[in-house]
2 protein chains.
Amino acid sequence: MNQSESDKFLRSHCPVANVLDLFGDKWTLLIVRDLILGKTRYSEFAQSHEGIPTNILADRLKRLEMAGVVVKKAYCDKPIRYEYELTGKGRDLMPMLDAMVAWADKHVPGVKVFPYFQRGNFN
Amino acid sequence: MNQSESDKFLRSHCPVANVLDLFGDKWTLLIVRDLILGKTRYSEFAQSHEGIPTNILADRLKRLEMAGVVVKKAYCDKPIRYEYELTGKGRDLMPMLDAMVAWADKHVPGVKVFPYFQRGNFN
DNA sequence: CTGGTCACTTGTTATTTGCAAGTTACCATC
DNA sequence: GATGGTAACTTGCAAATAACAAGTGACCAG
């Protein structure tokens, strides 16, 4: 999708709205979180505690790939198997996740911040 | 809602998942954005460029109020009219919005960062 | 008493989600 | 070589959610 094409579907030129167009749902950023935590495979994402439905997972991975946030590579030829990893664009989401973790840590009772996300690990 | 009650509905103890349970949709953070930009009334939120449907707006304001992110006050008795404003918990979302703005500014072509959100205005 | 504003609510249709099951392509064991 | 298992998906369908249009109630102004 080039810029003029994608422009046709922009809700607005607001940066917040544009982030929400890609990440504004209950699952997409959980996949990004898993990628940051070192997971790379479909089955690993599917096994995360929140229990993402597999059709949603496949759809979100496709969208993230199209958006250039992740890349899909074959890690095995026979049988063909894939792994996913964050691009630079994807890794640049870390400050956003960091801010989310900080907010939840302060305001949501009962959350457990896993070590990787503890404040200071992002930059 | 007390903690034991809310715990029953937690998808997980992950901070990211908890933020998404409240803000993981296409509209909620746009209302927060508008509040940060100084808007306070239902009609002002409804007039924002993205065109939020009014039933969604009413629903999201209710959820934000229940979550303690905004407070609703009468600014007029006859006829009774309300205005909304962010609580401390709501203002603490600013680093998250800031990170979203920074990401979009860097990675989404065609976004226009309004002055209030320019890097350095948050703290 | 007619028209207009504000803050919603209601009804209906369209879209998205959630869940279960099925598929394809292999490898490993009996 | 039949049975079972894993990985990475896809498909079908019911249920939940969202979008759009219209309606409501309480006022105020001319």
Between [N] atom [atom2] and [X] atom [atom1], what is the distance in whole Å?
{"X": "B:Asp21", "N": "D:dA16", "atom1": "CG", "atom2": "P", "result": "17 Å"}
{"X": "A:Leu64", "N": "D:dC9", "atom1": "CG", "atom2": "P", "result": "13 Å"}
{"X": "B:Leu61", "N": "C:dA7", "atom1": "CG", "atom2": "P", "result": "11 Å"}
{"X": "B:Lys26", "N": "C:dT17", "atom1": "NZ", "atom2": "C1'", "result": "13 Å"}
{"X": "A:Glu65", "N": "D:dC9", "atom1": "CD", "atom2": "P", "result": "9 Å"}
{"X": "A:Tyr42", "N": "D:dT6", "atom1": "OH", "atom2": "P", "result": "16 Å"}
{"X": "B:Arg63", "N": "D:dA18", "atom1": "CZ", "atom2": "C1'", "result": "13 Å"}
{"X": "B:Lys73", "N": "C:dC6", "atom1": "NZ", "atom2": "C1'", "result": "20 Å"}

Enumerate the protein-to-nucleotides 23-30 of chain D contacts in which both atoms are nitrogen or oxygen and the separation is below 3.5 Å.
none

Check whether NZ of the Lys or CZ of the Arg [X] lies under 6.0 Å from the centre of the six-membered ring of [Y] and within 45 degrees of that ring's axis.
{"X": "A:Arg60", "Y": "A:Phe45", "result": "no"}
{"X": "B:Arg33", "Y": "B:Phe114", "result": "no"}
{"X": "B:Arg63", "Y": "B:Trp27", "result": "no"}

(request) Compare all side-chain heavy atoms of A:Leu22 with those of A:Thr28 and state whether any distance is below 4.5 angstrom. (result) no
(request) Determine yes or no for a side-chain-to-main-chain donor-acceptor pair under 3.5 angstrom, with B:Tyr42 supplying the side chain and B:Thr54 the backbone. (result) yes
(request) Look only at the side chain of A:Trp103 and the backbone of B:Lys89, and say whether a donor-acceptor pair between them is shorter than 3.5 Å. (result) yes
Under 4.0 Å between a side-chain N or O of [X] and OP1 or OP2 of [N]?
{"X": "A:Tyr84", "N": "D:dA7", "value": "no"}
{"X": "A:Lys72", "N": "D:dC9", "value": "yes"}
{"X": "B:Lys62", "N": "C:dT9", "value": "yes"}
{"X": "A:Trp27", "N": "C:dT17", "value": "no"}

(request) Assign B:Phe45 to base, sugar-phosphate, or nothing according to its heavy-atom contacts below 4.0 angstrom with the strands shown. (result) nothing
(message) Do A:Tyr82 and A:Ile56 land in one hydrophobic cluster if side-chain heavy atoms of ILVMFWY residues count as linked below 4.5 Å?
(response) no
(message) Of the options D:dC9, D:dA18, C:dC6, whose atoms approach the side-chain atoms of B:Arg60 most closely?
(response) D:dA18
(request) Could you check which residues of residues 50-59 of chain A get a heavy atom under 4.0 Å from DNA chain C? Sort them by number, please. (result) A:Pro53, A:Thr54, A:Asn55, A:Ile56
(request) Output the distance between atom OG (A:Ser48) and atom CZ (B:Arg11), rounded to the nearest 0.5 Å. (result) 11.0 Å
(message) Nearest 0.5 angstrom please: A:Arg91 CZ to A:Leu35 CG, how far?
(response) 11.0 Å
